[in-house]
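Side chains are part of it too, since the values below use all heavy atoms of this structure and drop only hydrogens, waters and symmetry mates. Lettering of chains follows the sequences in order, A, B, ..., and the numbering in each one begins at 1.
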Number of protein chains: 2
Amino acid sequence: MNTLQKPSARRLIQLLRSQGPVSRLKLADLLDVQPSTVTRIVNQLLDDGLVVEEADPNRAGRRGYPSKLLQLRPMGLLSAGVFIDPERYYTCIVNALGEVLSEETSSITDRGFSQLMELIGASVDRQTRQLGLQPDRFIGCGISYPGQHTSKPGIVRQTQYFSEWPEIDASKDFAPYFDMPVHQLNDAKCACLAELLFGSCRSVRNFNYVWLSHGIGGAAVIDQSLYLGKSASAAEFGGLFPKSQPRPSGSDLLATIKEAGLAADNLEHISKADLQHESILNWVDRVEQQLKWLSLVITRTMSPDAIVLGGRLPDAIFSELIERLSASKSLGEDHFGPHPTFIRAEADKKPHLGAAALPLYLTTSPNAG
Amino acid sequence: MNTLQKPSARRLIQLLRSQGPVSRLKLADLLDVQPSTVTRIVNQLLDDGLVVEEADPNRAGRRGYPSKLLQLRPMGLLSAGVFIDPERYYTCIVNALGEVLSEETSSITDRGFSQLMELIGASVDRQTRQLGLQPDRFIGCGISYPGQHTSKPGIVRQTQYFSEWPEIDASKDFAPYFDMPVHQLNDAKCACLAELLFGSCRSVRNFNYVWLSHGIGGAAVIDQSLYLGKSASAAEFGGLFPKSQPRPSGSDLLATIKEAGLAADNLEHISKADLQHESILNWVDRVEQQLKWLSLVITRTMSPDAIVLGGRLPDAIFSELIERLSASKSLGEDHFGPHPTFIRAEADKKPHLGAAALPLYLTTSPNAG
DNA sequence: TTTTTAATTTGCGCTTCGCAATATAATGCT
DNA sequence: AGCATTATATTGCGAAGCGCAAATTAAAAA
């Protein structure tokens, strides 16, 4: 696996992810190197079992040496992911393509740190064994949960739900419970990585992710690499919507639902009928305006190619918001000209997938790790 | 000058700029390479006349081989700068350290594009000859003026003052008037480059520049490299303050001054007495609030290490604003924890210096050009 | 004068990559 | 079938960059 230390190999892997199966010649063109260079790098990656070759079906019937397409080998890289909710935890094993090989979830009864981590560590271990894999074949375990980072790098502010937790230092506090390297990042930023590696942003250079769950988070990707800023708090869009005011968050939606006397008591239980209720329609109208404003702010600061919306709100709401934002002529006063593209996140349904994306990102992205 | 193509040489030059005179050993440490590598790169740079060696005065009296300090050779790189105002143009010749070797300015009478460019080209030419230099020793000429970039890359939207100008395409329209490569970027982003290369931000990794002149502009530097975003419109902070409303711009200040019946009719003519006038004091109060809000927005999106204030407002106003922003406990509701540092720009007095910084940046920065 | 110390340089070998020549596997032509 | 043509991939060679270890240099200290 030493190959992953080499920047050229990482760049190649990145291209395989974004450009699907490609020939060596195309890769050489995209990387702006000689075909011979690609051959050499690919040979190492083949040796290490990180990529596989297959025949090019579209190439049949044409003249010349038939190109062989290269692809990431699904089992070439394995990663574990852990997402910790206030109420449940989710764990999974994921391959190089972001396919979930196995997952478990359980509600959290005992919120003590070490008790919970014992359970989670055991869950990852169990799935590893059930798949017949060795922990040392894993590139790492990513841990994700709602919360902001403190000014000390790598340390996460205790979330409101886990007030008895210590301030988490990923490298020290999580490590004892896993047989592999452990990394952590908050839910929004992990979700963004899933989008970058497996989802709709595989070939978008610069984008901003707006994460609407119970709370509001976000992430920024610049040049296909996660930009964290000072104290890993870049793109913390939640901070632009004061908690004392109505805001475009899941909690706020649930409060609206409750006020309207509807039944749903959690984001997964909102029915189609609920969405037609007037107070919810009003909620969406308001959130549309708030996101328009946020998009203007993002456009005026980061000026990304795309703004991606994802999170745990009902799918129908996301679709509606994307549609309305895409259709809007202007994002605000004095704004004219083209918007960034608005994109619906594809990989936000399983937050533990985002967590699993983190080790893959750190070890395969050219500018990270 | 072929040395400047090499990334390692560029990285070394960047360090010389930010770390002042340094020994080879220190450079090796900073670059995380072997001292022998530094020796080899430095030898080339010495050959090319880009750096010079000098004795280390602090080293006298101590044992061992005395370290020799390396520095950029001032005349090793030359650049021309042009700033075009609605009313005047400014031209200059600048060396590698950002020292202005020569400058000229003149009011603009004929606003026709080719007439004006003839004059400007002649001005650069004249100064070049008066200094006894050859145009081919120049690394380029930078052109800067107020205005936003259009969606076509490299094309600047015609400014309101030069409505008869075509949409400028730097590489084509400017080139004929100069005997060296020409580059262009708007005033705010050029000013930011001056700050990055010569001013207060030489060793700040990520920062945002807030440019307050007649209008409002801005720029973003990520990892010591200018981030432009889509259509080079990242950090166009002016777009966050609608023109129909009071806003923190020089034009707005001048309007306030006029309304108060004060004499000053341009930003350079504001007197100390004027600044004590109640309406101006109120103006500063309002602008403080607007910049606080902008700083919150910047912090929540880019999360930079520093926010830099510069432009053509009176110095006293900048000092006052920096002081107040630095002292503020919070930038807005729900904001706590540390701010970014607020910094007063050092290199904003001569906008043509910013223009001259552009070719230097493009040819010596590791991630540009 | 010799020793010690610290910064720099030199020699050697490994790795990476571009360039040009070659190999390979398919189709098309006679 | 046999040979030409074509497109893709590979191999061999040489140049460049860099780490490592040994050598060199210029100063102070013994």
State which residues pass side-chain hydrogen bond (donor to acceptor under 3.5 Å, both in side chains) with [X]; sequence neighbours excluded, sorted by chain then number.
{"X": "A/Ser233", "value": "B/Ser303"}
{"X": "A/Thr37", "value": "none"}
{"X": "B/Asn95", "value": "B/Glu99"}
{"X": "B/Gln34", "value": "none"}

Mind calculating the distance between [atom1] ([X]) and [atom2] ([N]) to the nearest angstrom?
{"X": "B/Lys6", "N": "D/dC18", "atom1": "NZ", "atom2": "P", "value": "9 Å"}
{"X": "B/Arg40", "N": "D/dC20", "atom1": "CZ", "atom2": "P", "value": "12 Å"}
{"X": "B/Asp32", "N": "D/dG17", "atom1": "CG", "atom2": "P", "value": "19 Å"}

Covered region of DNA chain C, 5' end to 3' end, by chain A [heavy atoms, under 4.0 Å] | C/dT16 to C/dG28
Phosphate oxygens OP1/OP2 of D/dT10: is one of them under 4.0 Å from a side-chain N or O of A/Ser36?
->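 False: A/Ser36 side-chain N/O out of range (4.0 Å or more) of D/dT10 OP1/OP2.
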List for me each residue that meets side-chain contact (heavy atoms from CB on, under 4.5 Å) alongside A/Pro135, sequence neighbours excluded, and say none if there are none.
->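 If we apply the side-chain contact (heavy atoms from CB on, under 4.5 Å) test to A/Pro135, skipping adjacent residues, the hits are A/Thr128, A/Asp179.
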Select base, sugar-phosphate, or nothing to describe what A/Val33 touches, counting heavy atoms under 4.0 Å on all strands.
-> sugar-phosphate
Between protein and nucleic acid, restricted to nucleotides 1-6 of chain D and to nitrogen or oxygen atoms under 3.5 Å apart, what atom pairs and distances do you find?
residue : atom : partner : partner atom : Å
D/dT5   : O2   : A/Arg63 : NH1          : 3.2
D/dT6   : O4'  : A/Arg63 : NH1          : 3.4
D/dT6   : O2   : A/Gly64 : N            : 3.1

Just report the end-to-end axis angle for the helix from C/dT1-D/dA30 to C/dT30-D/dA1, five pairs per end, to 10 degrees.
-> 30°
Sequence-distant partners of B/Asp223, salt bridge (Lys or Arg N to Asp or Glu O under 4.0 Å), two or more places apart |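 B/Asp223 satisfies salt bridge (Lys or Arg N to Asp or Glu O under 4.0 Å) with B/Arg205 once adjacent residues are dropped.
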Listed partners of A/Arg59 passing salt bridge (Lys or Arg N to Asp or Glu O under 4.0 Å), at least two apart |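 Salt bridge (Lys or Arg N to Asp or Glu O under 4.0 Å) list for A/Arg59, sorted by chain: empty.
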Only pairs at least two apart or in different chains count here, so list each salt bridge (Lys or Arg N to Asp or Glu O under 4.0 Å) that has a residue in residues 26-40 of chain A.
->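 Qualifying pairs, neighbours excluded: none.
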Where along residues 20-31 of chain B does a heavy atom come under 4.0 Å from DNA chain C, residue by residue in number order?
->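 Heavy-atom contacts with DNA chain C come from B/Ser23, B/Arg24, B/Leu25.
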